[in-house]
Amino acid sequence: MERKTRLRLAAGLGALAIAAVAAGLLWHDSRQIRVERLALDEAPGSKLAAGIMNRAYGRLQHDEARNCWHYLRENGSDYCLSPLSLDRVDAGDEHRLYLFASGSKDGAGERDLAGLIGAFVVDADSRAVIAANKALDFVNDRAAGPRQAQLLQLSGDGYMGWYAAGRAAAAGADFPHFYAPRDDKVIEIGGDVFGRDAAIPVGVKFEYQIDDSRKQARVYPLTLTVRDGRDRQLASLDFKFDRQRWRYVCADDDCRMRGGVPLRASGEAQALAPADASEALFGQGSKLSETDLNDVLNQLGVRYVAKDGAAGFIDQNGCDEPYQLDGSFERDGAQEQLWVRGGNTCTSGIVGSSAWVFVRDAGGRLRANLGLPAADIRRDVGVSAGVHDLRVGSAGFCDGIWRWNGKAFVHLKNIATRPGGCGGPVGA
């Protein structure tokens, strides 16, 4: 009897509906592979998860107030990861724990998509690490990790992996992510598998199914079924597992050409772009005054464009590929600040993004007080003239601290975030 494990991205939400998962015992197969979901809010699950996280990220990185573990990426971005799911898998004489952790970037803007996950496979008896990766990319709004993850059986002999879904609401796009071990590392194996994007009409649903009817396959194939709002099937696309590249790839030309997947008319897709620069910065419903907007754009040296299916900002220094900028007003005591973050490698070099801080002058006009390549920006503990210091993450494991002197933010010091950063030891 054919049996498939179904995974569904709910249309318009990017949510994960787990159709094949129930509490506790999930399923058996003919080889007596048993999967048990362990609760993370009680023993033994909570203790097991904490032990794995402490080993991966360090006991001192545990934030007790948030119950997450801090992790600093090479670009200076600070994440905090929490255990999301923990499963025990018994396959013959092998007993393993599968821990999936979800990480969100501190201080991320609404259009920052650089979320993070950690994934670990551990011997359930000895606690020895079998495969692990503490920093895997996950594309999602506000650089947030996933809210749900599903453990998958990918072969008849108990090869397991995970599925999680991300979303970029502003772009109308969903991002299916598949992760699984390869040797002693956990890697992303999604390969050619794709999700909804802005070119696909609203209401179209994508359903992913692991086809475990193919019992002899070393890794089960995957099928993408595309349905309209009335649940009528529009397309069925097949992906096979490429063991050389260790990822899913299109099984035929129909998949490669995305045959049967409906597309919007070009004018309809273009209409989804933000109407103007203010909407591109702040989203719908938020507007800068014409004076404020002109002041900000002139000091940034950019203008907003929407053409040929691409929308974003281009600058006056030759960076003509549209890129995103995200603006937000922040209040620190009596001071109102406008933070703008975004860019790409053309505007910001190896860091890949920049940050600007605008403060109103005596005449009430927004003036740039800070603007430099930065992975992120956040308030620090120091205070001067009633305004918190700003901590700016950059390349080279070196954070800069900027202090308000009553008129402007000025550089105060650098803090190394890893040994050797800033040319000295951590804390220098």
Side-chain angles (χ1 to χ4, degrees), residues 7-10 13-18 21 23 26 35 37-42 45-59 61-73 75 77-88 97-122 129 131-152 160-169 173-181 185-190 195 208 375-376 378:
L7 310 97
R8 177 174 294 168
L9 284 171
L13 296 176
L16 179 65
I18 304 178
V21 177
L26 301 188
V35 178
R37 174 61 55 90
L38 301 180
L40 291 168
D41 58 355
E42 61 185 29
S46 57
K47 185 176 180 180
L48 291 169
I52 296 171
M53 296 293 285
N54 282 336
R55 176 183 288 191
Y57 300 102
R59 189 181 302 273
Q61 299 304 316
H62 184 225
D63 186 325
E64 292 188 8
R66 298 162 63 185
N67 193 27
C68 59
W69 280 256
H70 287 282
Y71 178 75
L72 191 72
R73 301 206 76 173
N75 62 7
S77 298
D78 190 12
Y79 290 80
C80 214
L81 294 99
S82 301
L84 183 63
S85 67
L86 178 63
D87 297 279
R88 179 186 172 103
L97 298 172
Y98 287 77
L99 176 68
F100 193 89
S102 175
S104 299
K105 183 195 294 187
D106 288 345
E110 186 171 344
R111 292 186 178 87
D112 190 338
L113 301 178
L116 195 72
I117 69 102
F120 309 92
V121 184
V122 175
V129 176
N133 199 323
K134 60 184 181 181
L136 280 161
D137 291 333
F138 180 77
V139 181
N140 199 26
D141 278 335
R142 287 193 171 276
R147 296 180 183 177
Q148 300 179 71
Q150 181 174 343
L151 186 69
L152 307 172
M160 310 296 291
W162 293 272
Y163 166 75
R167 177 157 177 78
D174 296 316
F175 300 94
H177 292 274
F178 294 84
Y179 307 96
K185 295 284 289 184
V186 176
I187 63 173
E188 184 154 11
I189 63 168
Y208 305 92
D376 66 355
R378 59 191 185 277

For Trp162, give me all partners under side chain to side chain donor-acceptor pair (under 3.5 Å), at least two apart in sequence or on another chain. none
Those residues at least two apart in sequence (or on a different chain) that pass side-chain contact (heavy atoms from CB on, under 4.5 Å) with Leu48 are Leu38, Pro44, Leu86, Leu97, Arg127
For residues 136-144, which side-chain donor-acceptor pairs fall under 3.5 Å, sequence neighbours excluded?
| unit_1 | atom_1 | unit_2 | atom_2 | d |
| --- | --- | --- | --- | --- |
| Asp137 | OD1 | Arg73 | NH1 | 2.8 |
| Asp137 | OD1 | Arg73 | NH2 | 3.4 |
| Asn140 | OD1 | Arg167 | N | 2.8 |
| Asn140 | ND2 | Ala144 | O | 3.2 |
| Asp141 | OD1 | Ala169 | N | 3.3 |
| Asp141 | OD2 | Ala169 | N | 2.8 |

Hey, could you give me the CD1/CZ distance between Ile189 and Phe178, rounded to the nearest 0.5 Å? 7.5 Å
Salt bridge (charged side-chain N to carboxylate O under 4.0 Å, His left out) involving Arg378 - partner list, sequence neighbours excluded: Asp376, Asp399
Got a second to check how far Asp87's CG is from Leu152's CG, nearest 0.5 Å? 10.0 Å
Verify side chain to side chain contact (heavy atoms under 4.5 Å, CB included) between His62 and Met53, making sure each step is shown before the conclusion. CA-CA 9 Å; His62 184 225; Met53 296 293 285; over 6 Å; no
Ring pair (Phe, Tyr, Trp, His ring centres under 6.0 Å) filter on Tyr79, not counting sequence neighbours, yields none
Grab the two heavy atoms, one from Gly145 and one from Ser104, that are nearest each other, plus how far apart they are. N-OG, 3.3 Å
Contacts of Arg147 meeting side chain to side chain donor-acceptor pair (under 3.5 Å) (sequence neighbours excluded), chain-then-number -> none
For Ala39, side-chain contact (heavy atoms from CB on, under 4.5 Å) partners two or more places apart: Asp41, Glu42
Can you name the residues that form a side-chain contact (heavy atoms from CB on, under 4.5 Å) with Leu84, not counting sequence neighbours? Phe100, Ser102, Pro146, Ala149
According to side chain to side chain donor-acceptor pair (under 3.5 Å), who are the partners of Ser77, at least two apart in sequence or on a separate chain? Asn75
Trace of the side chain to side chain contact (heavy atoms under 4.5 Å, CB included) decision for Phe120 with Arg55: CA-CA 11 Å; Phe120 309 92; Arg55 176 183 288 191; over 6 Å; no
Please step through side chain to side chain contact (heavy atoms under 4.5 Å, CB included) for the pair Tyr208 and Tyr163, ending with a clear verdict. CA-CA 10 Å; Tyr208 305 92; Tyr163 166 75; 3.9 Å; yes
Using the salt bridge (charged side-chain N to carboxylate O under 4.0 Å, His left out) criterion, which residues pair with Asp112? Sequence neighbours excluded. Lys105
Out of curiosity, Leu151 CG to Arg37 CZ, how far, rounded to the nearest 0.5 Å? 7.0 Å
Test log, rule side-chain hydrogen bond (donor to acceptor under 3.5 Å, both in side chains), inputs His70 and Asp63: CA-CA 7 Å; His70 287 282; Asp63 186 325; 3.3 Å; yes
Could you state the interatomic distance from CD (Gln61) to SG (Cys80), rounded to the nearest 0.5 Å? 9.0 Å
